[in-house]
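Atoms within a ligand are numbered from 1 in the order they appear, just like the ligands themselves. Everything numeric in this text was worked out from a predicted model, so none of it was measured.
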Amino acid sequence: MIQSTVAELFEKEIKHIDIEVKGWVKSFRANRFIALSDGSTIKTIQCVVDFETMDETLLKQITTGAALQIQGNLVESQGKGQTLEIQVSNIAVLGAADPDLVSKTILQPKRHSLEFLREQAHLRPRTNTFGAVMRLRSSLSFAIHQYFHQNGFNYMHAPIITGSDAEGAGEMFRITTLDPKNPPLTQNGDVDYSKDFFGKETNLTVSGQLEAETYAMALGKVYTFGPTFRAENSNTSRHLAEFWMIEPEVAFMDLEGNMDLAENLLKSVIDYILEHNLEDLTFLAQRLEQEEKSKPQNERSEMGLIEKLKFVADNNFKRVSYTEAIDILRNCKPNKKKKFKFLINQWGVDLQSEHERYLVEKHFKCPVILFDYPANIKAFYMRLNEDGKTVRAMDILFPGIGEIVGGSQREERLEVLKEKMAALGIPEDELWWYLDLRTYGTAVHSGFGLGFERLVMFATGMGNIRDVIPYPRTPHNAEF
Ligand code: 4AD
Ligand code: MG
């Protein structure tokens with residue numbers, strides 16, 4: 001008896017051998033054909049039972065959702081729609097699933113809305129769509145680690161509890177063990193955080209960048225890949241309160257090198273899934289094609305999912321300065337005809353997602369790297385250009401997604417950094433260790449953050465970020 005996953009059965013095609021598989025019933029037809037799924041592949045294995053010789057009570061328990069152990073011979077299938085099947089010699093029901101209860105869940109084999117699937121997020125990985133998305137998510141994460149490993153990076157674990165606000169946006173979740181009903185107070189009546197667990201105010205991290213910089217200035221090339229938390233109250237299809245971010249940081253690398261690194265990383269991981277996950281991608285591509293059909297003609301995407309992935313992997317990203325982008329946007333049709341919600345009328349404004357999407361989807365029709373943004377719309381740590389008003393920042397914008405990467409060359413000059421912190425009211429004593437980097441062997445260095453869920457959205461064609469992470473955390477939602 002050879003124990004096997006469904007994926008292995010199809011890969012190895014070991015025929016006429018006693019095999020054993022375990023999985024869940026997707027469907028059971030004509031009291032004879034079980035479609036069994038074990039999550040190892042989007043495929044199910046057809047298991048053919050001889051109901052005449054089967055125990056009736058056992059037969060009744062073979063219902064959608066039940067967990068089974070199946071033994072039998074693997075043979076070439078005579079039927080349509082599959083190449084292999086198992087001629088069952090023995091079945092054990094490991095866990096039954098009451099059909100009346102199943103009928104109330106998303107396990108019931110029919111089309112369910114993505115919203116309904118979210119309500120049963122604990123069961124949705126058993127659907128074809130979520131199985132495919134989650135296998136791709138896993139594969140992408142492996143491809144990312146592999147890329148960095150092959151390119152001499154060290155994986156660094158940045159702390160999740162921090163005392164600093166790396167992005168300076170004040171969108172942090174506080175960590176405290178103080179009693180909310182009766183916190184210790186200072187003489188001014190403020191909460192006295194010196195009595196808190198860490199003896200100071202602490203939060204969940206919004207970015208591991210500042211800590212990663214300290215390690216880049218020792219190990220040369222590092223990256224983090226971990227959860228990050230943002231208490232921004234934006235209920236969009238692209239924002240989560242808890243998301244995963246990949247943050248490489250490299251000593252002696254300038255902005256140019258940073259753009260090259262980000263572009264290469266993205267292309268490399270897309271190549272990886274095109275090579276290793278084609279079955280799931282093909283399924284998701286068909287799913288997307290169906291979805292597109294329900295849209296009005298002018299809103300349909302010109303490329304299918306796989307074409308789009310190949311296009312990104314094979315073509316150079318367009319590199320454009322913020323100033324050039326503003327010129328394009330100022331003179332474009334939707335701006336002149338006042339179709340944008342936020343009209344672009346002067347240099348210095350922050351770009352909204354409608355502008356980013358116009359540049360990527362309408363103007364350049366390819367991924368775009370925007371660089372050299374105005375200093376006052378970007379974070380304090382970005383390196384000031386000689387013009388005194390722009391910083392060495394870069395954002396990568398993807399079709400259908402908008403911003404997928406945000407990064408910069410870092411300010412390595414102690415005095416300039418101190419001036420910027422002072423101007424923004426960031427106390428030096430909070431970031432004394434960060435300033436120390438500029439005292440002991442400072443050097444040009446750069447890095448970026450890649451939003452992992454935005455990458456998974458792009459790779460799977462899913463339109464809502466809540467559908468590419470197992471348990472999405474969004475305002476008013478932390479179920480499961
Ligand atoms: O542009 P951001 O805020 O950059 C940073 O955090 C830098 N410290 C990164 C660095 O230079 N090391 O975030 C980086 C990326 C964004 O481009 C986006 O893809 C993703 O993180 N992101 C989010 N993804 C999901 N939900 C949110 N609320 C996100 N906020 C940012
Ligand atoms: Mg950003």
Side-chain angles (χ1 to χ4, degrees), residues 137 140 144 148 153 156 158 162 164-173 204-216 221-250 253 255 257-259 261-262 265-266 322 350-353 356 360 367-371 373-374 377-383 391-398 400-411 431 434 445-459 462 464-469 472-475 477:
R137 184 179 165 107
L140 280 166
I144 288 164
F148 285 122
F153 282 72
M156 181 233 173
T162 70
S164 57
D165 179 3
E167 293 305 302
E171 292 165 334
M172 293 171 302
F173 291 100
L204 291 176
T205 186
V206 295
S207 158
Q209 176 197 323
L210 305 192
E211 290 88 354
E213 279 186 53
T214 66
Y215 268 65
K221 295 199 233 178
V222 299
Y223 72 104
T224 72
F225 187 168
T228 39
F229 307 86
R230 294 193 186 177
E232 45 189 338
N233 204 350
S234 37
N235 240 320
T236 79
S237 58
R238 300 176 310 122
H239 287 88
L240 289 167
E242 176 181 289
F243 63 99
W244 287 65
M245 186 155 48
I246 297 102
E247 294 186 278
E249 193 68 35
V250 182
M253 185 176 78
L255 190 69
N258 206 22
M259 295 193 226
L261 176 64
L265 168 69
L266 286 165
Y322 167 90
D350 205 355
L351 300 184
Q352 305 295 324
S353 92
E356 297 177 341
V360 172
V368 172
I369 311 186
L370 288 187
F371 60 92
Y373 280 78
I377 58 170
K378 288 289 181 187
F380 75 96
Y381 50 70
M382 299 187 179
R383 193 184 195 281
V391 285
R392 302 246 77 194
M394 63 120 180
D395 277 4
I396 302 187
L397 315 177
F398 261 28
I401 304 288
E403 181 190 334
I404 193 164
V405 163
S408 65
Q409 187 174 319
R410 318 305 188 187
E411 185 54 75
L431 288 176
Y434 187 70
H445 63 287
S446 306
F448 61 84
L450 163 61
F452 186 52
E453 283 72 23
R454 296 206 183 158
L455 174 64
V456 183
M457 283 176 80
F458 182 73
M462 299 299 283
N464 193 313
I465 199 162
R466 292 166 178 81
D467 298 329
V468 298
I469 187 165
R473 298 313 183 216
T474 50
N477 171 35

Inset, instruction - Write down the atom of A158, the atom of T224, and the distance for their closest heavy-atom approach. - result: CB-CG2, 4.1 Å
Legend entry - Shortest non-hydrogen contact from F148 toward L265: CZ-CD2, 3.9 Å
Legend entry - Closer than 2.8 Å to the Mg ion (ligand 2) - protein N, O or S atoms, ordered by chain and residue number: E403 OE2
Legend entry - Nearest heavy-atom neighbours spanning M382 and G407: CE-O, 4.2 Å
Inset, instruction - Count the heavy atoms belonging to other residues, nucleotides or ligands that lie under 6.0 Å from CZ of F243, then report whether that count exceeds 12. - result: yes
Inset, instruction - Check the side chains of E247 and Y223 for a donor-acceptor pair under 3.5 angstrom, ignoring hydrogens and angles. - result: no
Legend entry - Atom-level proximity to ligand 1, residues with heavy atom under 4.0 Å: E167, S207, Q209, R230, E232, R238, H239, L240, F243, M245, E247, Y381, E403, I404, V405, G406, G407, R410, G447, F448, G449, G451, R454, I465
Legend entry - Matching residue for I396 among I369, V360, I401 - test: side chain to side chain contact (heavy atoms under 4.5 Å, CB included): I369
Inset, instruction - Report yes if the distance between the aromatic ring centroids of Y322 and Y373 is under 6.0 Å, otherwise no. - result: yes
Inset, instruction - Give the C-alpha distance, both sets of side-chain angles, the deciding distance and a yes or no for ring-ring contact (aromatic ring centres under 6.0 Å, His included) between F225 and F452. - result: CA-CA 9 Å; F225 187 168; F452 186 52; 5.1 Å; yes
Inset, instruction - Consider only side-chain N and O atoms of S408 and R410, and report whether a donor and an acceptor are under 3.5 Å apart. - result: yes
